[in-house]
Student: 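Quick one: the structure is below, questions incoming.
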Amino acid sequence: MPELPEVETIRRDLNKFLSGKKITAVEVRQPRLVKPSVTKLKKALVGARVGRVSRRGKMLVWHLPKQQKLLVHLKMTGQIVWRQGGGKLMVGGHPIIGVDTVPNKYTHITVSFTGGGKLYFNDTRKFGYWRLVDDATFTDISQKNFGPEPLSVAFNANYFLAYLKKHQRALIKAILLDQKTVAGIGNIYADESLWLAKVKPQRWVGKLHPAEIKLLVASIKKILKEAVKYRGTSFNSYVDSLGRAGTYWPHRKVYGRGGLSCKRCGTIILKTRVAGRGTHYCPKCQR
DNA sequence: AGATGATCCTGTATGC
DNA sequence: TGCATACAGGATCATC
């Protein structure tokens, strides 16, 4: 499900909810999703106070005592839902949409906190995982498997030009989806960024002009910032930590708009397959 | 090196 | 209604 904007939304809210609270219990219904083991997870969590929650690409990173970190990846359908007390939750007088009841049949992990709050991990397809690591391992993973954060200064035209020089024979969309290029872009925002930069997803990296590469960097930043502002995109299972949908969907330009007209030139948006993923683009203004 | 397809799962949409 | 097929915000692995 979630790409950077969705995970970032969850991260910000979790920091408010979890701040200063201590974990009193951990219940795991799907041991397979926990690494290295349920026993070790419980040992690290129960009794601990969660420090801040950060993010690396699409991973949530819980800072724990004793130089440990909990890496939570939601993959396609993972949800993190916070409930303070029972009953139907309301926000601004309106009932919350998305997740009506927790725990439900897709709740695989429940973490209880002092003060009565509970955090639920739901995941229909069970691709997500909770992985406990020590700080050194996290640093290692972070450096080896992830490129720069797209909204940081480290992700800039110079970096991107140099990186692409090493991958001349790849398709640009495949490169954007690779977390080693830049961490946090997924299928929706890859398509949206390419549309904004007027670059065809199947373009060979080696044939991109420096000006296009520069524009692509700016487009990625712009799209992601905008999507964070709207608290992410929901068309199916994504909800934030209070069970609310993200509101970026109506603002998207191409993703899921195959057969509809391009917002820039009116040409019919095509849907095809690139890098094994459904890919949407305008055949006229993306070259 | 990089593309492709299968794989981990379950739900939903579409077509016959 | 039933049944088959394709596809879904991710990422990894084997194979070509």
Side-chain angles (χ1 to χ4, degrees), chain A residues 1-11 29-35 55-60 71-80 98-99 104-108 121-131 141 144-147 150 163-194 201-207 220 223-224 226-228 230-240 244-259 271-280:
Chain A
M1 118 255 222
E3 306 178 32
L4 184 147
E6 292 77 26
V7 179
E8 177 62 16
T9 299
I10 293 171
R11 183 194 77 76
R29 289 196 212 159
Q30 281 285 332
R32 194 171 57 74
L33 307 182
V34 174
K35 292 170 237 185
R55 180 187 55 71
R56 186 72 177 101
K58 302 169 193 170
M59 262 183 349
L60 285 168
L71 311 180
V72 174
H73 203 307
L74 303 171
K75 293 288 182 84
M76 297 282 259
T77 52
Q79 303 173 326
I80 292 284
V99 178
N104 55 43
K105 63 185 289 200
Y106 307 112
T107 303
H108 306 121
F121 172 61
N122 308 330
D123 190 355
T124 314
R125 294 174 72 178
K126 298 183 223 170
F127 289 168
Y129 62 79
W130 284 35
R131 180 178 178 193
I141 291 171
K144 283 189 183 151
N145 303 344
F146 292 82
Y163 184 88
L164 294 184
K165 224 166 238 176
K166 296 181 288 184
H167 301 274
Q168 303 271 305
R169 318 186 55 142
L171 306 180
I172 186 59
K173 172 153 178 181
I175 281 287
L176 290 185
L177 290 175
D178 187 344
Q179 300 300 295
K180 292 188 190 74
T181 307
V182 52
I185 299 176
N187 207 29
I188 295 179
Y189 303 112
D191 281 5
E192 293 300 317
S193 301
L194 287 164
Q202 351 18 4
R203 271 282 285 287
W204 286 44
V205 166
K207 298 217 167 178
I220 288 167
I223 292 286
L224 292 177
E226 193 78 351
V228 169
Y230 286 103
R231 302 177 60 82
T233 303
S234 298
F235 60 82
N236 192 354
S237 65
Y238 169 72
V239 288
D240 69 14
R244 299 170 297 186
T247 57
Y248 187 74
W249 186 245
H251 302 278
R252 81 208 190 279
K253 302 297 195 292
V254 281
Y255 185 87
R257 296 194 67 250
K271 179 173 182 191
T272 177
R273 199 155 269 274
V274 178
R277 314 294 301 276
T279 298
H280 319 72

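Small disclaimer: the values here were computed from a predicted structure and weren't measured. We use all heavy atoms of the structure for the numbers below, so side chains are in, but hydrogens, waters and symmetry mates are not. In the text below, chain A, chain B and the rest are named by the order of the sequence lines, each starting its count at 1.
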Student: From the list dG11(B), dG2(B), dA8(C), which nucleotide is the closest neighbour of the side chain of Phe235(A)?
Tutor: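 Among dG11(B), dG2(B), dA8(C), the one nearest the side chain of Phe235(A) is dA8(C).
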Student: Which nucleotide in the set dA3(B), dC8(B), dG10(C) lies at the smallest distance from any side-chain heavy atom of Arg32(A)?
Tutor: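 Selected nucleotide: dC8(B).
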Student: Is it the case that dA8(C) (base atoms only) and Arg125(A) (side chain only) share a donor and an acceptor within less than 3.5 Å, ignoring hydrogens and angles?
Tutor: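 Present.
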Student: Taking atom types as modelled and ignoring hydrogens, do the side chains of Asp123(A) and His108(A) form a donor-acceptor contact shorter than 3.5 angstrom?
Tutor: no
Student: Is there a Watson-Crick or G-U wobble partner for dT14(B) with both distances under 3.5 Å, and which nucleotide is it?
Tutor: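 Matched dT14(B) with dA4(C) under the 3.5 Å cut-off.
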Student: Name the closest nucleotide to the Ala174(A) side chain, picking from dG10(C), dG2(B), dA3(B).
Tutor: dA3(B)
Student: State whether Lys75(A) places a side-chain N or O below 4.0 Å from either non-bridging phosphate oxygen (OP1 or OP2) of dT7(B).
Tutor: no
Student: Choose from dG10(C), dA3(B), dC7(C) the nucleotide whose nearest atom is closest to any side-chain atom of Lys271(A).
Tutor: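 Comparing dG10(C), dA3(B), dC7(C) against the side chain of Lys271(A), the answer is dC7(C).
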Student: Measure from the side chain of Arg169(A), starting at C-beta and using heavy atoms only, and say which of dG10(C), dC8(B), dG2(B) lies closest.
Tutor: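 When the side chain of Arg169(A) is considered, dG2(B) is the closest of dG10(C), dC8(B), dG2(B).
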Student: Examine distances only and state if a side-chain atom of Glu226(A) and a backbone atom of Ile223(A) form a donor-acceptor pair shorter than 3.5 Å.
Tutor: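 Looks like no, no N/O pair under 3.5 Å.
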Student: Return the nearest nucleotide to the side chain of Lys126(A); candidates are dT10(B), dA8(C), dG11(B).
Tutor: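 Between dT10(B), dA8(C), dG11(B), the one nearest the side chain of Lys126(A) would be dT10(B).
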Student: Between the side chain of Arg257(A) and the main-chain N/O of Lys253(A), is any donor-acceptor distance below 3.5 Å?
Tutor: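 Checked: pair present.
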Student: Pick the closest DNA chain B nucleotide for Gly276(A) and for Phe127(A) by heavy atoms, then say which residue is nearer the 5' end.
Tutor: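 First, find each residue's nearest nucleotide; the 5'-ward one identifies Gly276(A).
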